[in-house]
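Side chains are part of it too, since the values below use all heavy atoms of this structure and drop only hydrogens, waters and symmetry mates. Residue numbers begin at 1 in each chain, while the letters A, B, ... track the order of the sequences. Not measured: the values here are computed from a predicted model.
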2 protein chains.
Amino acid sequence: MWAGRDAMTSTVSGLAAVRFALDRTSPVPLYHQLAQQLEAAIEGGILTPGNHLGNEVDLSVRLGLSRPTVRQAIQSLVDKGLLVRRRGVGTQVVHSQVKRPLELSSLYDDLETAGQQPTTRVLHNETAPAAADVAAALGIPEGGEVTVLERLRFTHGHPVAFLCNYLPTGLLPLDTDRLQVTGLYRMLRSAGITLHSARQTIGARCATAQEAARLDEKEGAALLTMQRTAYDDTGRAVEYGTHIYRASRYAFDFQLLVRP
Amino acid sequence: MWAGRDAMTSTVSGLAAVRFALDRTSPVPLYHQLAQQLEAAIEGGILTPGNHLGNEVDLSVRLGLSRPTVRQAIQSLVDKGLLVRRRGVGTQVVHSQVKRPLELSSLYDDLETAGQQPTTRVLHNETAPAAADVAAALGIPEGGEVTVLERLRFTHGHPVAFLCNYLPTGLLPLDTDRLQVTGLYRMLRSAGITLHSARQTIGARCATAQEAARLDEKEGAALLTMQRTAYDDTGRAVEYGTHIYRASRYAFDFQLLVRP
DNA sequence: TAGTGGTCTAGACCACACG
DNA sequence: GTGTGGTCTAGACCACTAC
């Protein structure tokens, strides 16, 4: 029985071929090290779709880890959509190219990763009393002071979007020069504000004459609209924005994972 | 010290007031029972934003559970965005109204939960050879047989969307009569197909004369467009669709959680 | 220094799928 | 039946935060 198993391992493609290197002195948790190496093996094609991962108990013995630790590593990849577990069956690599789950995306980052070399022109950057909708979105009293930000975003010198954002005044320094060379979300991050969730609405409408002029479109052209309120990890609203995109030059593209 | 603690509990609003009822004979896991009751306490306002949950060890003693079990319950609520944990600080109820995370949403279900009484008219339901884009999306050979579905979705008797879907033929029975009274995703679910992920693109354009006529709009009206490919839990593509929505009557509205 | 969550262990029993 | 993942226990030590 045992001899048979050992003899078989040499013919098993997949997990048996993976070399794991766990460093107990590293500050990186063991389950995370294991998850990273499993993910690398999947990305690198060593573990191919449909490959069984073998049962958790054997794996934990082989790695010298406890089963809960191995489970935690596997679970994180299941959450990422790379693995599927079935009771009584086993753990398998998922069959397809699920790339990145939906992120709370920043237009600036999206454009940059798409190689679009985004640039920004700041049209307004000043404080003003909050209108009713802004106050409601940010959870502050109507008429309270907010910072109003209006920006035009360009790619290759052509306008793509008109961005209007409202933030609680004093939340972070909003230097106009810095806003011209980076994205708002990056500035939030580097100010120590971790975004946690957001509520957004995506719609469409035809461009008014003013909007058309601003975005270098014809009047009546299709525009994508987005309103978003973003919250930090304590649940405090940190940003409300109404954005307008040229539909001829931009579309929202994202991956969803079903939460079980 | 201990006396002081006990004396304080009576003045502590929040967790101390919550009565937990755990049933060890239930098939529902203990961590899930606990998570549900904590969630109910938050929804019901017994635990209010900012309330500390108290340390995990005390809670596990009080409940007669092990700490890992309590942690699992708390973690599930952290994943849902209801709680925040900070090392050295504690666990707190999040400060805002984060309601539902983004789901792989079905238009039919969305409309129904909004009380819009959706109805459907099936325009086409037949098999045809797959065009290049459809074949690529579904991962089948070009010219391979697919089922083509064209539907109009109404609310209160007015058209909202034109839905065109492609599915691998034979994946499930697609009875036209049933499609008229329910949604495609419900039929997939009841056929034992669990959706796992999807890739979607949302854009906008102006209505052509034909589209305008079909959706009871004027030519040139703004339309929202969505293309989506959905995958089941083995990573197999089970559905590809191109949808068109009247922007005057529909917008995408959803909540995002940042995945840490 | 004291208290918190973060990580990890070494077991155990159960429910479910498959042959 | 046999093997799988699902759940649960009762401890342990560490890293971080706040005072």
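- Residues A:P141 and A:A130 approach most closely at O-CB, 4.5 Å, considering heavy atoms.
- Atom CG of B:D23 and atom P of D:dT7 are 16 Å apart (whole Å).
- For C:dG6, the base has a donor-acceptor partner in the side chain of B:R67 [N/O atoms by modelled type, under 3.5 angstrom].
- Proximity of A:T69 to the phosphate of C:dT7: no side-chain N or O atom is located under 4.0 Å from OP1 or OP2.
- Between A:D175 and A:N125, the shortest heavy-atom distance links the atoms C-ND2, 4.4 Å.
- Of the candidate nucleotides C:dG5, C:dA17, D:dC8, C:dA17 has the atom nearest to the side chain of A:V89.
- The side chain of B:Q72 has D:dT7 as its nearest neighbour among C:dG5, D:dG5, D:dT7.
- Contact check, A:Y31 against C:dT7: a side-chain N or O comes under 4.0 Å of OP1 or OP2.
- In this structure, B:L30 atom CG and C:dA12 atom P are separated by 20 Å, rounded to whole Å.
- Summarising the geometry, the separation between CD1 on B:I74 and P on C:dT4 is reported as 12 Å, rounded to the nearest angstrom.
- Look at NE2 on A:H52: it is 12 Å from C1' on C:dC18, rounded to the nearest Å.
- In this entry the distance linking CZ of B:R85 with P of C:dT4 reads 14 Å, nearest Å.
- Between A:H32 and A:G88, the residue anchored nearer the 5' end of DNA chain C, judged by the nucleotide with its closest heavy atom, is A:H32.
- The side chain of A:R87 approaches D:dG6 more closely than any other nucleotide in the set D:dG6, C:dT7, C:dG6.
- D:dT7 atom P lies 14 Å from atom CG of B:L65, rounded to whole Å.
- OP1 or OP2 of D:dC14 has not a single side-chain nitrogen or oxygen of A:R24 nearer than 4.0 Å.
- Heavy-atom minimum distance, B:D233 versus A:R86: OD2-NH1, 3.8 Å.
- B:R71 has a side-chain polar atom (N or O) that falls below the 4.0 Å cut-off from OP1 or OP2 of C:dG6.
- Minimum interatomic distance between B:P49 and B:V94 (heavy atoms only, all atoms of both residues): CB-O, 3.4 Å.
- Between A:Q92 atom CD and C:dA17 atom C1' the separation is 13 Å, expressed in whole Å.
- A sub-4.0 Å separation between OP1 or OP2 of D:dT4 and a side-chain N or O of A:N55 is present.
- Nearest nucleotide to the side chain of A:P68, out of C:dA10, D:dA10, D:dT7: C:dA10.
- Side chains of B:V70 and B:V57 form no contact here, defined as non-hydrogen atoms less than 4.5 Å apart.
- What separates CG of B:L34 from P of D:dT9 is a distance of 11 Å, to the nearest Å.
- Dashed line: the shortest gap from a side-chain N or O of B:S66 to OP1 or OP2 of D:dG11 is not under 4.0 Å.
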